[in-house]
Structures are given as C-alpha cells and as structure tokens.
Amino acid sequence: MPSDTLESFLEEPYVPVAVYFPDSDCVEYVKEDTICVYDRIDEFLTLIFDETRLNLIGFKFKGFRNIFETRLKNNFQLNNNHFVEMIEVLTTVCTVIGHDLTSNHRRKDAYRAAKKLAAQDQVKLYDIDALAA
Amino acid sequence: MIGISGALKVRIHPDLKSRVPWINLPVVQAPSPFDRSRNISLAISEEFIIRNFQIKRRVPIFQAWVHLVGYAPPIAGVDRLVRDQGNLRLWTIRDALACFRGVNRPYGLEPDGSSILAYVIRAPHTITYEPNLACVGKWTDCPTSTVLVAYVAPRDDLANLQDYSNKIGGVILRWEFVPSDASASDLPENYGKRYLEKLW
C-alpha cells in the first residue's frame, strides 16, 4: 500500500497503474509521470502521448461505468472482485463498435495500439469497489 | 471582458507557511460560461487529486496549481521556482480563450455529456516534475501545437453557473493538453465536432 505523505509523494517513484476516476467516469493508464498529450479517438478511447507526441505512453477509456455494468461485471466477479484486465475492456469495446472499426483506419489502429500497450504492460484496474457494489 | 493579456506571474500561496494540504486545493475563479466578464467559483476534483497523489503522479497536480489555482505548487524549493520563472508566460483558467459546452460522449445520465464545459487555456509554458537538488518542479515549454483544456461539471445544474456569489457552481474534473486545430491554433483539434456548442 503506497504511503500518502507529502514526502513520499514528492520523492518516491511513480506507480504506473490503471486508475478509475469516478468524477469523470474514465479509466486512465499512463506509464510515465510526465507531460501528456491526449488525442481523442472517439467517444470511448483517447490515446495518451508524451510531450513529443511521438511515443504512446497510455490511454484513457471513457464511459467505463456503463461497459462495466453491462459487459464486464460477471468476469470481475470471477476474479474475486479483485481486478479487471484492461485488454478485456478494450476488446469488449471493439465488439460494441463492430463494423465501424473496420471502416475507419485511424480508429482501428488506435484500438490496436491501446490493446498492444495494455497487453505489454499487463494493465489491470484495481480499486473499483464502488462500481462493483 | 476577461483579457488574455495578463499572463500569470506565479507567486507562493499565502497558506504555504501553514503547509497547504495537497488534497484540498483552493477554490478557483473562472469566467462564467454565460457571461465571460463575470467570475464563478469552481472546486477542483478531490478524487482526481487524491488518486494521482496515491500513485505519485505529480505532473497533473503541479499543473493544477499553476494553471487552475494560479500559484506555484507548495513544494520545497518553491522560492527557486518563482525566481526561475523569469519571463515565461503562464496562463490560468481565469484567462481562458474559449469555452465549449458538451463533450459528445456519455457522462452520467447524459448520452452526450451536454452539461460538461471545456475551458480552453493557451499554454506556451507549463510546469513538470523534474527532481534536482534545489526543487522537484521545473518550468518547461508546452508540447508543440497543443492547448490546455479543463473540463468542468456543474453542480446539479448548468444554471447554477449563473450564480455570481462565491458559492461553488461546479467541479473541474480534469485538465489535459490536447492537439490544437490546424486552422485555429488556439482551439482544440476538430472543435466543431468535438463539442456541442461554443459558448464564447
């Protein structure tokens, strides 16, 4: 459990994990604590680049509550209410989007890149007790 | 009118001596979405701050201090940071260039996030986390061809943002650098499709 003192905040290394922000109903994963540029792909996905805008360092998934409630909650319960795999979230959304994804190359490439990052970094989302209740 | 000529000269927050609580950032003044010449009061999402605090993600919190609150973040060596500002131009939400309504994505019970506001802030310079012996914060150029956007959710109803008393009318949910539009470099990319309406 990370400590929450000001000293630890300023001195300890950044912990790259997926975080759910209930206020804005989105999940964000960023692998570096740096200046980020958010490139909106569609109503679900935003890719996050570093300040050069060349290197993909994360993604933001928007409207998470609805997808979780309708499509992911059962699997979450199978994981003992412990975590959600972000690759599963992205794959599920690709299914929801369906044909639109094959006809829009930018969108298709963006989802592919986000899924690759989620798989490489084994991005999991913990700490969503409020959603799971 | 709210001018865009008064770039922020960053200062040290007056409460610094009593150790400003990082999690409770001060209430912010911003131009009203309905009348740009009048200010409204906005809170900064405590959740966003706390969650970033817990994973030691410093950059967004530093940016909130500078571009939303309008003060240097309360960190050791902040005097150095203030001195180093020199002629760098830093802008806050009070100097927002534009305000849009509706984010064209589901938000709460709204299918199109029609009550969410997007304040666009010009951003030639910003702050980042870069530890050295003197200070953990450092001024830097903003990413090329980007603007800073702060997203605001009204408390209960958009109409509450016409209350010009000091009552908090909404919450700043998050703030992000986004690519700027090819034909209007002070506005976000595809702003015509990205948002429902330009308020000013």
Side-chain angles (χ1 to χ4, degrees), chain A residues 1-55 57-58 60-67 106 126-128 130, chain B residues 19-23 45-48 50-63 73-76 103-108 111-113 116 123 126-131 136-137 140-146 149 151 153 171-179 188-190 193-194:
Chain A
M1 185 69 187
S3 55
D4 288 346
T5 65
L6 180 58
E7 287 74 18
S8 71
F9 171 69
L10 291 175
E11 292 164 13
E12 289 179 5
Y14 167 62
V15 185
V17 292
V19 180
Y20 177 61
F21 295 100
D23 269 3
S24 45
D25 190 24
C26 62
V27 176
E28 185 168 327
Y29 171 74
V30 183
K31 59 196 292 183
E32 294 170 30
D33 181 24
T34 187
I35 293 174
C36 298
V37 179
Y38 291 72
D39 191 3
R40 185 187 201 270
I41 302 302
D42 60 19
E43 67 270 37
F44 298 115
L45 181 66
T46 293
L47 293 183
I48 304 174
F49 293 86
D50 69 3
E51 61 190 283
T52 67
R53 297 179 58 185
L54 298 173
N55 302 310
I57 58 169
K60 181 173 78 168
F61 180 81
K62 301 163 282 188
F64 180 73
R65 176 179 284 272
N66 181 268
I67 287 286
R106 179 176 185 259
Y126 298 90
D127 195 22
I128 47 173
Chain B
R19 193 162 202 176
V20 176
W22 276 82
I23 287 170
S45 169
E46 216 173 88
E47 249 166 18
F48 189 80
I50 289 172
R51 284 168 194 261
N52 279 307
F53 188 93
Q54 287 172 331
I55 61 172
K56 329 289 183 209
R57 192 171 170 209
R58 289 145 289 227
V59 174
I61 302 181
F62 284 15
Q63 288 171 343
I75 48 181
V103 287
N104 280 327
R105 69 134 171 127
Y107 177 79
D112 52 4
I116 302 296
T126 188
I127 188 168
T128 192
Y129 174 78
E130 193 177 296
V136 295
T140 186
D141 292 342
C142 292
T144 310
S145 304
T146 61
V149 178
Y151 297 96
V171 178
I172 304 174
L173 302 172
R174 47 190 305 125
W175 41 97
E176 302 171 350
F177 285 104
V178 304
E189 188 176 50
N190 296 325
K193 289 183 181 168
R194 192 177 187 129

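- If you measure heavy-atom distances from V149(B) to chain A, you find no contacts under 4.5 Å at all.
- Listed options C26(A), P22(A), G63(A), C36(A) were ranked by heavy-atom pairs under 4.5 angstrom with chain B; first place goes to P22(A).
- Contacts between P16(A) and chain B at a heavy-atom distance below 4.5 Å are absent for every atom of the residue.
- In this model, no donor atom of one side chain and acceptor atom of the other lie less than 3.5 Å apart for Q63(B) and Y129(B).
- Both the backbone and the side chain of P179(B) have a heavy atom closer than 4.5 Å to some heavy atom of chain A.
- The contact between F48(B) and chain A is made by backbone and side chain atoms together, counting heavy-atom distances below 4.5 Å.
- Pairing each heavy atom of I57(A) with each of F49(A), the nearest pair is CG1-C, 3.8 Å.
- Neither the backbone nor the side chain of N190(B) has a heavy atom closer than 4.5 Å to any heavy atom of chain A.
- With respect to the salt-bridge test (charged N to carboxylate O, under 4.0 angstrom), the residues D39(A) and R106(A) qualify.
- Using a 4.0 Å cut-off between charged side-chain N and carboxylate O, R174(B) and E176(B) make a salt bridge.
- R57(B) pairs with exactly one of V17(A), D33(A), V19(A), V15(A) by the side chain to side chain contact (heavy atoms under 4.5 Å, CB included) rule, that one being D33(A).
- Distance alone, capped at 3.5 Å, is enough to place a donor-acceptor pair between the N104(B) side chain and the K193(B) backbone.
- Of the atoms belonging to V136(B), it is side-chain heavy atoms, and not backbone ones, that fall under 4.5 Å from chain A.
- Highest contact tally toward chain A, considering only R194(B), E189(B), R105(B), E130(B), is held by R105(B) [criterion: heavy-atom pairs under 4.5 Å].
- I116(B) does not touch chain A: none of its heavy atoms, backbone or side chain, sits under 4.5 Å away.
- For chain A, the nearby parts of S145(B) are the backbone and the side chain; heavy atoms of each come within less than 4.5 Å.
- The main-chain N or O of D42(A) is found under 3.5 Å from a side-chain atom of K62(A) such that the two form a donor-acceptor pair.
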